[in-house]
Each structure stands twice: as C-alpha cells, then as structure tokens.
Amino acid sequence: MRRLPLTLLAASLALASGIASAADTTIPATAVKTATQLRDKAMHDDTGYRIVESLTTEVGPRMAGSDADQRARDWAVAKFKALGYDKVYTEAVTYPLWERRSERASIVGPFAQPLVLSALGYSPGTPKGGLTAEVVKFDSLDALKAADPATVKGKIVYIGYRMQRAKDGHYYGMGSAVRTAGPPIAAAKGAAGYLLRSAGTDAHDRIAHTGVTGFRDQAKAIPAAALSNLDADQLERVLAHGKPVTLKLDLDCGVVGEYTGANVIGEITGRKHPDQVVAIGGHLDSWDPGTGAIDDGAGVAIAMAAGKLIHDLPQRPDRTIRVIAFANEEMGLWGGRAYADKHAGEVAKFQLGTESDFGAGPVWRMSASVKPEARGAIAQIARVLRPIGVAYDAKKPGGGGSDLSQMHGKGMAALSLTQDGTHYFDWHHTANDTLDKIDPKELAQNVAVYAAFSYMAAQADGDFGSAPGAFAHDGAGE
C-alpha cells in the first residue's frame, strides 16, 4: 500500500470531513453569492453576442498578417476601452507571413472534372503551370508512415481519413494529425504533393476545410491542400475503378516573409492584489474563407463579456481579470507561445486560467489542473456552475485551452471548460463559419460560466498552485 505524505493525508481527511485545513484554498461565502448573481445575470445578457456580431461584421475574416489583422487589433483595443476595461495594451508577436492567392484542382484522367479544395497553411505554391501527377491513396496516417518511399516518390499522396462527430470533438485529434503531420511525412518520402479529406464532419456541403500544416522548413515543403468531403468521396469513387488517376493542382500561395502582429490585452485591475491575475481569452485571428464567428470570434466575445460583467460589479475583484485576444493561433499558437515566453517568469502570479476556442456551444464539462489543496475551491466553482449544465470531472486534467495551454506548460493552474462541439467541425475552418451558427442563449451560458469562475478565482482565499513546472506531470502544454 502506497503511503500518502502527511500533508496530503491531512488534506484528504479534512476534505472527507468537510473541514478545510489552514492550507486549503477556499472561496468565501460572499464571493460565492456574488458569483451566483453574476451567473444568473449573464444568462440573460446579450453583451457577448453583440461583441461577436461587431467583430464579424465590422472586421470580418481576420487572416493573420492580412490587412484585416491590423483592423482586428484596432477593433479589439477600441472594444476593450468601450467596455470600460481599466488597462488596455498590446504585446508584439512575430511570425512567418503566409498568403493564399488562388487554388484550383482537377482530375485529369481517367474522368476529367474539377475538384473543390483549399490550400493549407505553410503550403508552397505549385510550379508555374501547375503540378500534374498520379495519385496514391492511403487510408490512414500510419499507412503512409509505413509506405515504401518508392511507392510515393513523384506522386500526389492522398489520405482519406473521415472524421466522425463527437460532443467533445475527440476525433479531431487524428483529423488534425493527418493535416499537420501528413504533409511533412509525404515530403520526406519524395511525394510531389499532398491532399487529404477535409478534417471536418459535414456531409452535404461542397466546401473544403482549411488549416495549417506541420511544415517548418519551406525548403522541404510540398504543395498541400484539403478536398471537400464530397470531392474526396468523388475522388475515391474514381480511384475505385482501378485505373491510374492523375490530378492537376494549381496553388498560388506561400510564405512571403515575416510579419509582426500583437496580442491585445484588457484588464480589470484587482483592488487588493493587482499583480495577481486570472487569465481568460480567445484568439483574434481566423481563417479567411468565413468570418471567424465560431473560430474564434465567440471565444474573444465570451471572455470580453465576462470581464465586462465583473467590471460592472459595485467594487473591483480582489485580483486582476486579464482578457487576452491572442494573435495567430491558427498558424501554430504564435500568440500563445509568445505570451508564455514573455510571462514565464511571472507564472506564480497567475491564479487560474483558460481560453475559449471550441465554438459557441454550451459548456457541459469542467476539469482542472490545480494543487490538491485547491480541489475544494474547484468543487465550490463546480457547484455554482452545475445549475447551468456544467458537470465537474475531477479525474480529468485541465489544459487551459489552445493558447493558454502554453502558460499551463510553464506551470499555470488551469481549467478546461469543454463546449458541446457536436456540430463544430461541420463549419470549422470553412466559408460556413459565420454568425448564424451562434445561438445567443448558448453564447450567454458560456459568458455566465467564464464570469462566475473568473470572479470566484479572483476572490479565493489562497492560490491554485501556479508555479514554474508545477503541472508537467499531466502533459501540460502538449
């Protein structure tokens, strides 16, 4: 039998008896009451919806490094100020500038016809006049990994992995791996180009899902694109005839230098501990086909609106609420990584954090990575969130969301607030990512969750365990 350290044993006995020890983090009853009132107010408040409507209407798609990138940052600074945030500032983020200019594809033979596709981030363009080559099909990433390079050399690799729907979106793990890891593997085996079935769950729209590849060295990159699910079906029917299939890709895209954008940050300053922060946010950039409503205008709006509701309380919270609109998440967490690198030395001052980046469906599950002595405080948060449909999974770690996973990797205590993503991947990274996909009442539930948890964390007596390297054991930041 493994023996518990005395401190952990004492904490366990205290929790079992319902008595908090002096070392336990707790949330005062007055803060619980205020958080409950915040929750109920937020459920009937349209601030979040008005923010995402403003962003998607006044700025529209916000491709990192595009002309809209600067307009989005200007919008965010102005919106934070209009909402009454005490402090608004930016922090520079530099990254490779990738541009999409045009994309076309067609089956040349045996049955000539056009295909609908989308070039992938960091893909180079095809040679002048396009790339024409035979297709070689693989059913999975593992099959490509195992392939003899001689069967791939000079051909266009196609992987037909089909994503399935799931409430927590877990099939996207493989879908995104096929998109990110597949192109470099194919390139290393001598492929001339790469195609995949879109990493998406739609079955009736002839629209491709874009996204980033794993290319880091442009000298080793090959043209890469995603076919719409319907065009992937058509290609597979043609391949099933058993004859060699030749495709022509004509992609005009590529990296054209570097660009310096910025994370945009707004703060509600804490009245007792202004240097201690609860960090929430979303990413400001989006892909270019749609207007970036669910990915991730909704996340930015949820966090901004939660901070606004806390701002409107009769007095400021004890700790600072910091809302971060991250730069260029889509091309590889550039804003999140820059933020974590800049603030790693301050990680112990981060009370608790998480980012919203999974659409606008209702939050249904909460999990946490915190020190054992803070589990009671997490349970207090869970009790406030339970009436609006959020279940607490005490066995699952929290990751902090996409960009804030990088601060979690440095040791920030973190939540995961999982939204219902059943239909998220129908629209994700497509022209169909538009405002009509957001239900205002479901968005308000998200704002209620973020406002309540943020306020309770800010008012806690004690901390949640943030410290350099504190959560390396749970895969933080991976």
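Any value given below was found using the heavy atoms of this structure, including those in side chains, with hydrogens, waters and symmetry copies removed. Starting from 1, each residue takes its place in the sequence as its number. Everything numeric in this text was worked out from a predicted model, so none of it was measured.
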Inset, instruction - Measure from the ring center of His408 to the ring center of Phe471 and say whether it is less than 6.0 Å. - result: yes
Inset, instruction - Indicate, with yes or no, if the rings of His209 and Phe425 have centres closer together than 6.0 Å. - result: no
Legend entry - The single option from His343, Arg337, Lys342 passing side-chain contact (heavy atoms from CB on, under 4.5 Å) against Tyr339: His343
Legend entry - Heavy-atom donor-acceptor pair, Asp296 side chain to Gly299 backbone, under 3.5 Å: yes
Inset, instruction - Report yes or no: do Thr201 and Asp426 form a side-chain donor-acceptor pair below 3.5 Å? - result: yes
Inset, instruction - Have a look at Arg322 and tell me which of Glu91, Glu267, Glu355 forms a salt bridge (Lys or Arg N to Asp or Glu O under 4.0 Å) with it. - result: Glu267
Legend entry - Glu329 backbone acceptor or donor facing Asp285 side chain under 3.5 Å: yes
Legend entry - Cationic N near anionic O, under 4.0 Å, Asp252 to Arg100: no
Inset, instruction - Would you tell me whether His429 and Asp295 have side-chain atoms, one donor and one acceptor, within less than 3.5 Å of each other? - result: yes
Legend entry - Test item: Gln419 side-chain N/O and Gly359 main-chain N/O as donor-acceptor pair under 3.5 Å: yes
Inset, instruction - Could you verify whether a donor N or O on one side chain and an acceptor N or O on the other, from Thr434 and Thr291, lie under 3.5 Å apart? - result: no
Legend entry - Asp275/Arg319 ion pair, N-O < 4.0 Å: no
Legend entry - Tyr95 side chain to Gly65 backbone, donor-acceptor under 3.5 Å: yes
Inset, instruction - Check whether the side chains of Asn446 and Glu442 place a donor and an acceptor atom closer than 3.5 Å, and report yes or no. - result: no
Inset, instruction - Output all residues satisfying side chain to side chain contact (heavy atoms under 4.5 Å, CB included) with Gln218, sequence neighbours left out; order by chain, then residue number. - result: Tyr122, Pro124, Phe215, Ala221, Val255
Inset, instruction - Tell me whether the guanidinium CZ or amine NZ of Arg73 lies under 6.0 angstrom from the six-membered ring centre of Trp75 and within 45° of its axis. - result: no
Inset, instruction - Can you tell me which residue pairs pass the side chain to side chain donor-acceptor pair (under 3.5 Å) test with a partner in residues 389-399, sequence neighbours excluded? - result: Arg375-Tyr392
Legend entry - Side-chain donor/acceptor of Ser66 to backbone N/O of Ala68, under 3.5 Å: yes
Inset, instruction - Could you tell me whether the side chains of Thr422 and Asp420 share a donor-acceptor contact shorter than 3.5 Å? - result: yes
Legend entry - Main-chain N/O of Ala226 paired with Ser118 side-chain donor or acceptor, under 3.5 Å: no
Inset, instruction - Using the ring of Tyr85 (Phe, Tyr or Trp, six-membered ring only), decide whether Lys87 places NZ or CZ under 6.0 Å from its centre and within 45 degrees of its axis. - result: no
Inset, instruction - Please check if the side chain of Thr260 supplies one atom and the backbone of Val93 the other of a donor-acceptor pair under 3.5 Å. - result: no
Legend entry - Donor on one side chain, acceptor on other, His283 and Asn328, under 3.5 Å: no
Inset, instruction - Evaluate whether atom CG of Asp217 has more than 12 neighbouring non-hydrogen atoms of other residues, nucleotides or ligands under 6.0 angstrom away. - result: yes
Inset, instruction - Ignoring hydrogens and angles, tell me if any N or O in the side chain of Gln459 forms a donor-acceptor pair with the backbone of Ala31 under 3.5 Å. - result: no
Inset, instruction - Using modelled atom types only, decide if a donor and an acceptor are shared between the side chain of Lys437 and the backbone of Asn432 within a distance under 3.5 Å. - result: yes
Legend entry - Spatial distance of atom CG (Leu97) from atom CE (Met63) [nearest 0.5 Å]: 8.5 Å
Inset, instruction - Might you point out which heavy atoms bring Tyr455 and Leu38 nearest each other, and give the distance in Å? - result: CB-CD1, 3.7 Å
Inset, instruction - May I ask you to say whether Asp45 pairs ionically with Lys41, meaning some side-chain N is under 4.0 Å from a carboxylate O? - result: no
Legend entry - Arg271 with Asp318: basic N within carboxylate O range, under 4.0 Å: yes
Inset, instruction - Output yes when a side-chain donor or acceptor of Ser466 lies under 3.5 Å from a complementary backbone atom of Met412, and no otherwise. - result: no
Legend entry - Distance-only donor-acceptor check, side chains Thr57 and Glu53, under 3.5 Å: no
